[in-house]
There are 2 protein chains.
Amino acid sequence: MTAKRPKAPRGTSHPDTPADSGSSLDGRKIPAAVIKRLSLYARALQELERQQAEKVSSSELSRLLGFTSAQVRKDLAYFGQFGVPGFGYPVGDLRRNLRRILGTDRELQVALVGVGHLGTALLSYGGFTRQGFRIVCAFDKEVSAPRIGAAGIPVYHIDELEKRLAEHAIGFAILTVSSEAAQAVANRLIAAGISAILNFVPVRLQTPEHVKIHYVDLALEMESLSFYTR
Amino acid sequence: MTAKRPKAPRGTSHPDTPADSGSSLDGRKIPAAVIKRLSLYARALQELERQQAEKVSSSELSRLLGFTSAQVRKDLAYFGQFGVPGFGYPVGDLRRNLRRILGTDRELQVALVGVGHLGTALLSYGGFTRQGFRIVCAFDKEVSAPRIGAAGIPVYHIDELEKRLAEHAIGFAILTVSSEAAQAVANRLIAAGISAILNFVPVRLQTPEHVKIHYVDLALEMESLSFYTR
DNA sequence: GGAAGTCTGTGAAAACCTTCACGGGAGCGG
DNA sequence: CCGCTCCCGTGAAGGTTTTCACAGACTTCC
């Protein structure tokens, strides 16, 4: 505990952290924004499939989602040639492809850490399940003995984290702990081999390269709304 | 100047909806991304103020938040000259300025519609209050008589929406209803004069120009995480 | 089977955002 | 008061994302 504090490692040059966003797949560089839209396409296609639509054009999709048709075509073209000139995109086919690309064509196991108000709500939230994510267990430091929480999901004491993660082969975590605990819990998750974290805690987490983190910052969204209504 | 085929409108004009993002303030155009970071600056400054720091440099701030120092300076420079060369930014002063710019220097009244799992959790969520937002009332269609919900917030039947919004001069709404109800409820909110909506429902809402909407899409975040861990 | 019409995929251009790099103003120590 | 150092504000450069616009491919219908 008497280790030196991780202050600025150097003072001479410019150690500014750049803002990387984008991922390479298959040689090409894919903008992060494209991935977000991919999910939206997938969801729109889900609805179209429900309505028994066989085909959809880029401009129909763009109208549904509020983009331009060129953007739809360009986004999809990053991953292959799914469309048919003079026809459009086959709904079922494209949807299957997008799910495969996103990795949501199989059920993904998720753990949730921090069973407070927000955590509890997310356990019951149907939106994840509907898209192929299954929260298989939850953890909290205030749990003395394993119990069954909301939506029938078992809640364990945080000390069982490593054991249970390995047991269920869990690759994703949702983080809804306190600001104070966030970094320590994240470290444990990462050490346990988790590969992605959805972080609801308004704290910047320090993480290694290979672990992907997305932030959901509710207060931030409200604040920026506030700006636009001045 | 040989305009062999000047325009060739081909009959099909493209009325695609462009992806506007950015807002003009005081003549200048401000990128949407800047506003998001403004909230982060404000929060970092809040913490620095708590630690009694008097000044902070752009590079300290950048290290704290993971940006480059040039970006910090440029972002802040959109709104005025807050820094002092050779010194940095005065913490308290800058924080007050940012709060004024964001409009969070006064308490903002918020209504929440849809008291399901997620809605209930948000009523108890401390993160909004801490940043100056106060959820003053909530609405649901399953409420027969007014009752006191989580965190002491009154929950009314949705039919009282218009009356209560006017009564409390509420300008913001959080939307956590079902996908089916989302558009209809949004229409009522807009008709009642709400100016911004934070929408948790994974449905694209049709809204007039002057009402600002932000989407929080939890399943989307999970899906894009999934992509990155392929 | 041919002609008309539709709609994709994609270079090129435009718009947008981030980073670089530096002039010069402000503090500070002597 | 002077020189030294620190660090902001900002034009310019660089990079990324979106939009435009069109050739060509496919469907459809007669």
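Using a cut-off of 4.0 Å between Lys/Arg side-chain N and Asp/Glu carboxylate O, B:Arg43 and A:Asp217 are scored as salt-bridged. A salt bridge links B:Arg50 with B:Glu47: the distance from a Lys NZ or Arg NE/NH1/NH2 to an Asp or Glu carboxylate oxygen falls below 4.0 Å.
Rounded to an integer number of Å, the gap from A:Ile30 CD1 to D:dT16 P is 14 Å. Rounded to whole Å, the distance from CG on A:Asp75 to C1' on D:dT16 is 14 Å. C:dT8 atom C1' lies 14 Å from atom OH of A:Tyr41, rounded to whole Å.
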Give the B/S/- string for nucleotides 7-12 of chain D, one per nucleotide from 5' to 3', where a protein heavy atom under 4.0 Å of the base yields B, of only the sugar-phosphate yields S, and otherwise -.
BBBBBB
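Closest approach to the A:Arg37 side chain among D:dT18, D:dT17, C:dC17 is made by D:dT18 (side chain taken as heavy atoms from C-beta onward).
Contact annotation: B:Thr68 side-chain N/O to C:dT18 OP1/OP2 distance is not under 4.0 Å.
Qualifying side chain to side chain donor-acceptor pair (under 3.5 Å) partners for B:Gln46, counting only residues two or more places apart in sequence or in other chains: B:Gln131. For A:Phe128, the ring-ring contact (aromatic ring centres under 6.0 Å, His included) criterion is met by A:Tyr125, not counting sequence neighbours.
Around the NE2 atom of A:His214, the shell of radius 6.0 Å holds more than 12 heavy atoms that belong to other residues, nucleotides or ligands.
Contact record, A:Asp105 with A:Arg100: OD2-CA, 3.6 Å, taken as the closest heavy-atom pair.
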